[in-house]
Structures are given as structure tokens and as C-alpha cells.
Amino acid sequence: MEKNQGAPPPNSQQVIPHDIPQPKPQKKIGVIGGGYVGGTVAKFYRDGGSDVKVYDKFRPMDELEEVLRQDYIFVAVPTNFNGISIDLSAMDDAMANAAKSKSKAVIIKSTVVAGTTDSYQKQYPHLKIIFNPEFLTESTAYQDFNYPDRQIVGYTDKSFDVAGDIMELLPLAPFNRIVPAKAAEMTKYFGNTWFSVKVTFANQMYDLCDKLGIDYGIVADCVGADRRIGRSHLEVWHGGYRGYGGKCLPKDTRALIKFAEDNGVDLKILKTAEEINKQLTGGVDR
Ligand SMILES: NC(=O)c1ccc[n+]([C@@H]2O[C@H](COP(=O)([O-])OP(=O)(O)OC[C@H]3O[C@@H](n4cnc5c(N)ncnc54)[C@H](O)[C@@H]3O)[C@@H](O)[C@H]2O)c1
């Protein structure tokens, strides 16, 4: 009888099913901003046995000094729309705090416009700054974070050498890409603003169906079964109101319109989506 019967042949590849959580090596993780995203990051690494410290400017958590002693620092502070453009004041503060550490890998989870990570990198050359967009939804945050559809690691000229390590630190996804930070930043805005457009488009189709006496629910079901379109963001009474809302879509849509304008590009479709959404929501952010 042959030895090692049943063992895989020497060059066989191990296929890792996506639904089996992969143990991550235990690390020293710091988080700045302990809200939805930061709290989910912290829980993920704590559950995996890592040593996690969280600093939040407005909630009693760990001390900043404890966070700065960790090996990896995630930044997940708000990036709201201030009425004119994206408000980076919390980011500026969080990055200035992160920069008090020695040479650390800093992973930005907050949604920021293209070029922001590169500009912090220029300002803090002793850090290795990565942009890793977060795609979670609040109601299913932990599940989404654990089992992402994709993992995108955005590098700067100073952080390219740690991009692979950061990818390994993050939950495994079926699609993993290491790209320039600007492309990763743009990916996040493309996704969120596409959802804004999709919601307003669905609402217009709803109005037409309504006028014609057609049951929009049936149409949406049939349309959503097309994998190229998908079911998400077709529901017009999502959360009991019409139009897009929530913490991210309105602010990210406005921020991208302004950012594009500043860069000489008129995002007409997004402006129209904003206008239609204003009518649908009565101008009230939900
Ligand atoms: N919530 C989501 O579904 C989601 C999904 C993807 C990306 N994002 C992005 O992630 C970022 C954070 O979002 P969130 O939902 O976790 O926000 P959040 O408001 O739930 O949490 C942010 C936390 O940061 C703290 N904070 C504010 N300023 C700070 C500072 N200067 N230093 C330290 N802590 C500070 C706040 O007290 C708060 O606890 C935003 O850029 C958002 O666009 C959010």
C-alpha cells in the first residue's frame, strides 16, 4: 500500500470557501473613531483574539496613547458634507493624532475624496498610509465586514511595501485588489453615488408605473432578477420614505458633485438625482 494515501497531491491548491471565516494572526490593533465602522473593526479583531484599543474623541473608550502603541491604526471618523464640500476636519484631527506615533501603518476606513490619502501621506511621510474603503451597511455591519464581496487596498508611494500585509490583515474576500489610493477612493464614491442614481431612477419608474396602473412591485421583482441590475436599491418605500437617505448616500453624492466641480467636471446625472431626491424627500435628510 502506498504511503500518504488520501493526502492531497504535492501541488494541489487548497480552495478556501468564502463562507468559512479565516483565522487571522493576532495583532495589536488601534482604532481612532469608535462608531459604526470603527466599532465593527474593533469587534472583528477582538473576536479573533487580537489586542484592540479604540480612541474616540467624544465617547469614553481607551486612551489615545494606548492606540498609538499598537502596530496598525485604523481611522474611522465622520466625513460629513458641510454644506459646501466634504468636511475633513475630523480626519485632519485623527491623522494628526495618528502621526504622533512612530512609523505605523495607518488604514483609512473613512470615505474620502480622491487624493486625500496621498495628501495625508505627503504631510506625514513617517507613516505608511493605506486607504481601505468600507462597504458595510449599518443593519448588517458585522456580517458585511466579516464577509466582504471585495477587499480593496489603496496604496501611496510610501505604503506600497505594506499593502500586501494589510490585505492579509483584512477579512478575506472573493475579489482582492491592491490599487493606487486614488482609485480605491474613487471606487467608494462610484458605488455610493451609483446607488443614489439607482434609487432615483427606480422612483421615476415607480411614478410611471403608478400612472399607468402597473404594479411596480411586480416590475421591480422581474427587473431585479436580472443579475446585471440586481435587487438592491429598487425598493421605493425603503425605510418608510421615498428617495435615498441614510448616513452616507446624501453626503457622499453632494461631496462628489462638489469635488468634480472643483476639478472641472460637471456631474449632470448626479445633480439631477440630487434634484429628484430633494422632491421625493421634501428636502429633508432621513
Ligand atoms: N456607517 C456606514 O454604513 C458606513 C459605511 C461605509 C463607510 N462609512 C464611512 O466611515 C466613516 C465613519 O462612519 P461611521 O458610520 O462609523 O460614523 P459614526 O458617526 O458612527 O462614528 C464616528 C465616530 O468617530 C468619533 N469621532 C469624531 N471625530 C473624531 C475625532 N476627531 N477623533 C476621534 N474620534 C472622532 C465620533 O465620536 C464617533 O463615535 C465615514 O467616513 C463614513 O462615510 C460609513
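One-based numbering, in listed order, for ligands and for the atoms of each. Because only heavy atoms are used, hydrogens play no part in the values below, and waters and symmetry mates are left out as well, while side chains stay in.
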Would you say [X] has any N or O atom under 3.5 Å from an N or O of ligand 1, going by distance alone?
X      : answer
Lys188 : no
Glu138 : yes
Gly38  : no
Asp56  : yes
Thr111 : yes
Lys251 : yes

Sort out for me which residue in Thr111, Ile32, Thr116, Val112 forms a side chain to side chain contact (heavy atoms under 4.5 Å, CB included) with Met91.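 Among Thr111, Ile32, Thr116, Val112, the one that satisfies the side chain to side chain contact (heavy atoms under 4.5 Å, CB included) with Met91 is Val112.
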Nearest protein heavy atom with distance in Å, relative to [atom]:
atom                    : answer
atom 44 (C) of ligand 1 : Val37 CG2, 3.5 Å
atom 31 (N) of ligand 1 : Asp93 OD2, 2.8 Å
atom 21 (O) of ligand 1 : Gly35 CA, 3.2 Å
atom 41 (O) of ligand 1 : Thr79 OG1, 2.6 Å
atom 5 (C) of ligand 1  : Leu136 O, 3.4 Å
atom 6 (C) of ligand 1  : Glu134 O, 3.2 Å
atom 19 (O) of ligand 1 : Lys247 NZ, 3.9 Å
atom 32 (N) of ligand 1 : Lys57 CB, 3.6 Å

Compute the ring centroids of Phe74 and Tyr45, then answer whether they are less than 6.0 Å apart. yes
Pick one of side chain, backbone, both or neither for how [X] approaches ligand 1, counting any non-hydrogen atom pair under 4.0 Å.
X      : result
Ala90  : both
Cys248 : side chain
Asn97  : neither
Val77  : both

Identify the two heavy atoms, one from Cys209 and one from Val219, that lie closest to each other, and give their separation to 0.1 Å. SG-CG2, 4.1 Å
Checking ring-ring contact (aromatic ring centres under 6.0 Å, His included) against Phe44, which of Tyr142, Phe145, Tyr147 comes through?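 Of all the options given, the one that passes is Phe145.
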Need the ligand 1 atom indices (1-based, order shown) with element for anything under 4.0 Å from a heavy-atom of [X].
X      : answer
Gly33  : 24 (O), 34 (N)
Pro78  : 22 (C), 24 (O), 26 (N), 27 (C), 28 (N)
Ile32  : 33 (C)
Ser110 : 10 (O), 11 (C), 41 (O)

Strictly below 4.0 Å, N to O, side chains only: are [X] and [Y] in salt-bridge contact?
X      : Y      : answer
Lys251 : Asp285 : no
Glu261 : Lys271 : yes
Asp165 : Lys27  : no
Lys188 : Asp252 : no

Could you label the plane-to-plane angle of the His233 and Phe195 rings as parallel, tilted or perpendicular, counting under 30° as parallel and over 60° as perpendicular?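 The arrangement is parallel - the two ring planes meet at less than 30°.
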Should the pair Tyr124 and Tyr120 be assigned to parallel (<30°), tilted (30 to 60°) or perpendicular (>60°) ring geometry?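 Parallel, since the angle between the ring planes stays under 30°.
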Verify the distance criterion only: is there a donor paired with an acceptor across the side chains of Thr140 and Thr137 at less than 3.5 Å? no
Between Asn80 and Ile86, is there a donor-acceptor pair closer than 3.5 Å when you use the side chain of the first and the backbone of the second? no
Could you give all pairs that pass the salt bridge (Lys or Arg N to Asp or Glu O under 4.0 Å) test and reach residues 103-116, with sequence neighbours left out? Lys109-Glu134
